[in-house]
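Note that the structure is predicted; figures quoted are calculated from it, not measured.
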Amino acid sequence: MSKEMLNALDALEAEKGISKEIVIDALEAALVSAYKRHYGQAQNVEVEFDQKKGNIHVYAVKEVTEEVMDSQLEVSLKEAMTINPAYEIGDKIRFEVTPKDFGRIAAQTAKQVILQRVREAERTIIYNEFSAYEKDILQGIVERQDNRYIYVNLGKIEAVLSKQDQMPNEFYQPHDRIKVFVSRVENTSKGPQVFVSRSHPDLLRRLFEQEVPEVYDGTVEIVSIAREAGDRSKVAVRSFDANVDPVGTCVGPKGQRVQAIVNELKGENMDIVEWNDDPAVFIANALNPAEVTDVIFDVDNPKACTVVVPDYQLSLAIGKRGQNARLAAKLTGFKIDIKSESDMEEFYAKLEEGAYIDEGEAVESQESNVEDNESHDEMIIASDMTADDYENMDFDEK
């Protein structure tokens with residue numbers, strides 16, 4: 001070993017940010033194992049790296065004893081005093097046992113240790129870098145795919161896009177440039193693993209932050225998002241500035257801002273509605289583009305309501321396969337039951353009719369009870385008749 005090793009360690013520290021002391025400590029530990037493995041020595045040994053000259057020395061550590069039981073681990077007091085009269089029983093003495101051909105082994109071991117440390121450092125650097133991008137949006141290039149993942153090149157690392165994180169209306173080809181949401185970053189035994197998504201609702205949030213400066217600086221806030229990736233989304237927004245229209249700001253001049261997001265998401269429809277602290281108003285806004293006549297909240301369940309819409313707006317309010325109502329429920333957090341005006345009128349009519357029928361049934365029940373009582377009295381009177389008298393009666397009389 002020579003000063004070339006020292007220069008290599010200095011360059012490693014400067015380029016990769018790996019501390020020279022950490023590499024030297026790891027190198028010394030690895031050389032101890034290499035010495036025991038190659039020379040069959042099991043005694044206590046130490047390896048010392050000379051940071052001035054770059055040389056490596058191997059020492060056998062022996063304990064000073066009165067009587068030597070194991071010459072590889074112990075040295076007599078008499079012998080120790082010939083080295084230095086100040087030695088006493090229990091002291092440790094180092095004897096250099098560096099083999100002549102140990103330089104070759106040391107070079108190989110140093111190479112392995114340095115490469116390992118470089119890999120570990122690069123993994124740590126990549127993990128720390130992409131951990132900072134967690135819950136953020138990045139642009140990558142599609143490289144390849146298998147049965148489980150689509151692999152997206154993010155520059156220093158290859159991220160994975162699982163099937164559930166893909167948009168059903170998209171087909172990914174190698175070399176396609178796509179924007180992805182970094183859902184999580186894990187530091188595994190094989191290195192850092194980055195998981196990305198195209199279907200996550202927060203991808204929409206980050207795209208609005210990129211396209212709408214008012215959202216990025218906090219003037220307009222995205223309160224909630226309900227998304228069925230690749231098909232349709234609803235976004236509730238509010239403004240902290242009375243002079244700023246939150247919906248118009250997100251839509252942009254001639255719809256340019258929202259259209260840029262729609263194009264990025266391959267035509268996903270977008271409904272931007274204004275959030276309101278009045279739940280009834282917010283629910284009515286969430287059912288856009290349908291008109292809402294009334295919102296009736298359930299007394300027993302405060303998170304459930306019935307929404308009344310005009311008859312001709314019922315199908316629009318429910319949406320194709322119930323999508324509009326489903327997204328509105330996700331956006332507001334309410335369980336929404338949609339009724340037409342005629343359905344509600346019929347419902348109220350039945351309620352009133354039901355109350356009248358109940359009263360009539362009660363009157364009929366009372367009259368029936370009276371009739372039953374009268375029949376009972378007649379039966380009591382008739383019970384005094386004999387069987388022959390009953391048989392001699394006319395049918396009408398019976």
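- Sorted pairs that involve residues 74-91 and meet side chain to side chain donor-acceptor pair (under 3.5 Å), not counting sequence neighbours, are lacking altogether.
- Side-chain N or O atoms of K320 include none that pairs as donor or acceptor with a backbone N or O of S315 at under 3.5 Å.
- With rounding to the nearest 0.5 Å, the separation of CG in N169 from CG in L265 is 8.5 Å.
- Grouped with Y59 in a hydrophobic cluster is no other residue, since no side-chain heavy-atom contact under 4.5 Å to another Ile, Leu, Val, Met, Phe, Trp or Tyr is found.
- Between the CD atom in Q173 and the CG atom in D176 there is a gap of 6.0 Å [rounded to 0.5 Å].
- Under the 4.0 Å criterion applied to side-chain N and carboxylate O atoms, R206 and E209 are assigned as salt-bridge partners.
- The CG atom of D271 lies 6.5 Å from the CG atom of N324; values are rounded to the nearest 0.5 Å.
- Through direct or relayed side-chain contacts under 4.5 Å between Ile, Leu, Val, Met, Phe, Trp and Tyr, I338 connects to I283, L287, V292, V295, F297, V307, V309, L314, I318, F334, I336.
- Using a 4.5 Å cut-off on side-chain heavy atoms (C-beta onward), V235 and I222 make contact.
- E211 meets the side-chain contact (heavy atoms from CB on, under 4.5 Å) test with A260, I261; sequence neighbours excluded.
- Using a 3.5 Å distance cut-off with no hydrogens or angles, the side chains of E170 and Y172 do pair a donor with an acceptor.
- Applying the side chain to side chain donor-acceptor pair (under 3.5 Å) test to residues at least two apart or on different chains, the pairs with a partner in residues 126-135 are E129-K156.
- Judged as a side chain to side chain donor-acceptor pair (under 3.5 Å), and not counting sequence neighbours, the contacts of E268 are R227, S233.
- Atom CZ of F240 has more than 12 neighbouring heavy atoms from other residues, nucleotides or ligands inside a 6.0 Å radius.
- Counting only distance, with no hydrogens or angles, the side chain of S183 and the backbone of F195 share a donor-acceptor pair below 3.5 Å.
- With sequence neighbours left out, the salt bridge (charged side-chain N to carboxylate O under 4.0 Å, His left out) criterion links K92 to E63.
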Q166 and S199: CA distance, side-chain angles, deciding distance, side chain to side chain donor-acceptor pair (under 3.5 Å) verdict: CA-CA 6 Å; Q166 299 171 22; S199 61; over 6 Å; no
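- With sequence neighbours excluded, the residues that form a salt bridge (charged side-chain N to carboxylate O under 4.0 Å, His left out) with E228 are R326.
- Residues forming a salt bridge (charged side-chain N to carboxylate O under 4.0 Å, His left out) with E143 (at least two apart in sequence, or on another chain): none.
- Around the NZ atom of K335, the shell of radius 6.0 Å holds no more than 12 heavy atoms that belong to other residues, nucleotides or ligands.
- Judged by distance alone, the side chain of D294 and the main-chain N or O of V308 form no donor-acceptor pair under 3.5 Å.
- Here the side chains of F95 and V75 are in contact, with some heavy-atom distance below 4.5 Å.
- Using a 4.5 Å heavy-atom threshold, the side chains of E291 and Y312 count as touching.
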Worked check of side-chain contact (heavy atoms from CB on, under 4.5 Å) between V196 and Y149: CA-CA 10 Å; V196 295; Y149 299 115; over 6 Å; no
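- Judged purely by distance below 3.5 Å, without hydrogens or angles, the side chains of T219 and D217 pair a donor atom with an acceptor atom.
- Cluster partners of I141: none. The rule joins Ile, Leu, Val, Met, Phe, Trp and Tyr whenever side-chain heavy atoms lie under 4.5 Å apart, and it links nothing here.
- Legend: residues meeting salt bridge (charged side-chain N to carboxylate O under 4.0 Å, His left out) with K62, ordered by chain and number and at least two apart, are absent.
- Separating the CG atom in D202 from the CG atom in L207 is a distance of 10.5 Å, to the nearest 0.5 Å.
- Pairs of residues two or more places apart, or lying in two chains, that qualify as side chain to side chain donor-acceptor pair (under 3.5 Å) and include a residue from residues 247-262 are E214-R257, Q259-N263.
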